[in-house]
Amino acid sequence: MAILEVNNLKKNFGATDVIKDISFSMNEGETLSIIGSSGSGKTTILRCLNFLEIPDGGTISVKGNMIFDAAKDKKASDREIKKKRLHFGLVFQSFNLFPQYTALGNVMLAPKLLSEEGGDSKKNEIKERALMLLDKMGLSDRVDNYPHQLSGGQQQRVAIARALAMCPDVLCFDEPTSALDPELTGEVLKVIKELAQQNTTMIIVTHEMAFARDVSDRVIFMDKGVIVEQGHPSQIMNDPREERTKKFLAGYTKRL
Amino acid sequence: MFGTVTLALLEGFLTTLKLFGLTLAIALPLGLLISQGAMSRIVVLKYPLKFIIWIVRGTPLLLQLIIIYYGPGIVMGNPLWGAGDGGRFIAALVAFSINYACYFAEIYRGGIQSVPVGQYEAGYVLGMTKGQIFRKVVLLQVIKRIIPPMSNEIITLVKDTSLARIIAVYEIIWSGQSFIKSDGIIWPLIYTGAFYLIFSGLLTVAFHRLEKRLEFFR
């Protein structure tokens, strides 16, 4: 069964249709990359899945349960939206770590608040898991550092650990390396690749074409709010069928 | 003589401190409410509050003191505050609290709006509620940002309390000045400056320490 099924997703800002009619599905453990030029609606898809934007149309199902149906959920309460959000995680382009917490504090904060809401604070388990995740990100010697004491690449790895700590069904990355210089890009891509190898279900919006080809099970190419083409990375990258895909990819090879 | 003057001035300074402390106790939370209202999407709250902030910040505090103290008597024929010392003090406290709450509101607004929207979004995608995000993520960042302008405003308040003299609140300037009439000496009035200096010096040190304590993050 598909872990994620998105049907006829629509989002408009005023008169602009940013996402026109998007449908796709994902299997558990799959890594999906979304490529396309700026303004094609890639980021908006991730923001809709994480309910930072409420979709204007369409449905979202996770593990066979419809968690969002625009026909009736457009006016959902904050509490309901908060529950839906827990199915997804999002790693931002600009990290958005909380500056007053250490790396460990950043990873522990949300799980701690959630367990307190549930009535019992599992502080020790949460801490253990946070330390394990930071270790997995190669940051075991950085757990007590504040964000401003970390490099961009380290900050982004903390942000990935923070997102993983909530155990989302689908982890989304919004151009995770766009704010990093080339030297630091590699260390972030490396941990994302490891996550892919461990079958973490991920959607990655990226401009790193080589990375998208190496790491993904499937690539979606978007243009002007619609999915133009999707398929196996080698097919999309080496043998695109659509004219628009060819043109977009040509822009990348020309630069190299 | 010096001892007598010091004692008299200390008594006046006690009133100054009372006015200062109570104004802060009222204006700090009131300012937060006003800033929330002025930033809200509720039109009947937002625009009247912005109008009040404009009036309060756009006219002299001295004038506001006079209007608040004498206004009710003139307009309603009812001297709301009573004629005694207590009434004058309360009128002064009301005027100071409203005035400073409006200034604080603008400082809060600046502090709250300076927190990047990404901080809220990061909280949301981690399943945090609005309240949790405000308390656990935004609040300390706001406090860090507003301490410098707040300390400025609060040190100004120390000296502004002397304006209460205009409606005959017996604060320290009044105590100093009374020696001109009774003993024909002016140095007690000048001496009051030392009280202000020492007190604002203590506040400066306290705010500096607070700033230092929040230097662990950026």
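Each chain gets a letter, A, B and so on, in the order the sequences are listed, and its residues count up from 1. Predicted model, so just to flag it, every value in this text is computed and none were measured.
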For A/Leu90, is it the side chain, the backbone, both, or neither that has a heavy atom closer than 4.5 Å to a heavy atom of chain B? both
Counting only heavy atoms not in A/Asp141 (residues, nucleotides, ligands), do more than 12 fall under 6.0 Å from its CG? yes
Max heavy-atom pairs within cutoff under 4.5 Å with chain A, candidates B/Pro116, B/Gly118, B/Gly123, goes to B/Gly118
Looking at A/Val91, A/Leu113, A/Leu86, A/Leu109, which makes the most heavy-atom pairs under 4.5 Å with chain B? A/Leu113
Quick check on A/Glu183: does its CD atom have over 12 non-hydrogen neighbours (other residues, nucleotides or ligands) under 6.0 Å away? no
For B/Phe217 and A/Pro99, which heavy atoms make the closest approach, and how far apart are they? CB-O, 3.0 Å
To the nearest 0.5 Å, tell me how far A/Leu114 CG sits from B/Leu126 CG. 10.5 Å
Between B/Ala122 and A/Phe98, the two heavy atoms sitting closest are CB-CE2, 3.9 Å
Validation row: B/Val125, A/Phe51 side chains within 4.5 angstrom (heavy atoms): no
Crowded around A/Lys122 NZ? As in, over 12 foreign heavy atoms under 6.0 Å? no
Can you list every donor-acceptor pair under 3.5 Å that links chain A to chain B?
{"unit_1": "A/Arg47", "atom_1": "NH1", "unit_2": "B/Glu121", "atom_2": "OE1", "d": "3.1"}
{"unit_1": "A/Arg47", "atom_1": "NH1", "unit_2": "B/Glu121", "atom_2": "OE2", "d": "3.2"}
{"unit_1": "A/Arg47", "atom_1": "NH2", "unit_2": "B/Glu121", "atom_2": "OE2", "d": "2.7"}
{"unit_1": "A/Asp78", "atom_1": "OD2", "unit_2": "B/Lys130", "atom_2": "NZ", "d": "3.4"}
{"unit_1": "A/Lys82", "atom_1": "NZ", "unit_2": "B/Gly127", "atom_2": "O", "d": "2.7"}
{"unit_1": "A/Asn96", "atom_1": "ND2", "unit_2": "B/Gly118", "atom_2": "O", "d": "3.3"}
{"unit_1": "A/Leu97", "atom_1": "O", "unit_2": "B/Gln119", "atom_2": "NE2", "d": "2.8"}
{"unit_1": "A/Gln100", "atom_1": "OE1", "unit_2": "B/Gln141", "atom_2": "NE2", "d": "3.4"}
{"unit_1": "A/Gln100", "atom_1": "NE2", "unit_2": "B/Lys136", "atom_2": "O", "d": "3.4"}
{"unit_1": "A/Gln100", "atom_1": "NE2", "unit_2": "B/Val137", "atom_2": "O", "d": "2.6"}
{"unit_1": "A/Tyr101", "atom_1": "OH", "unit_2": "B/Lys136", "atom_2": "O", "d": "2.7"}
{"unit_1": "A/Glu117", "atom_1": "OE2", "unit_2": "B/Gln132", "atom_2": "NE2", "d": "2.7"}

For B/Ala8, all residues meeting side chain to side chain contact (heavy atoms under 4.5 Å, CB included), sequence neighbours excluded: B/Phe179
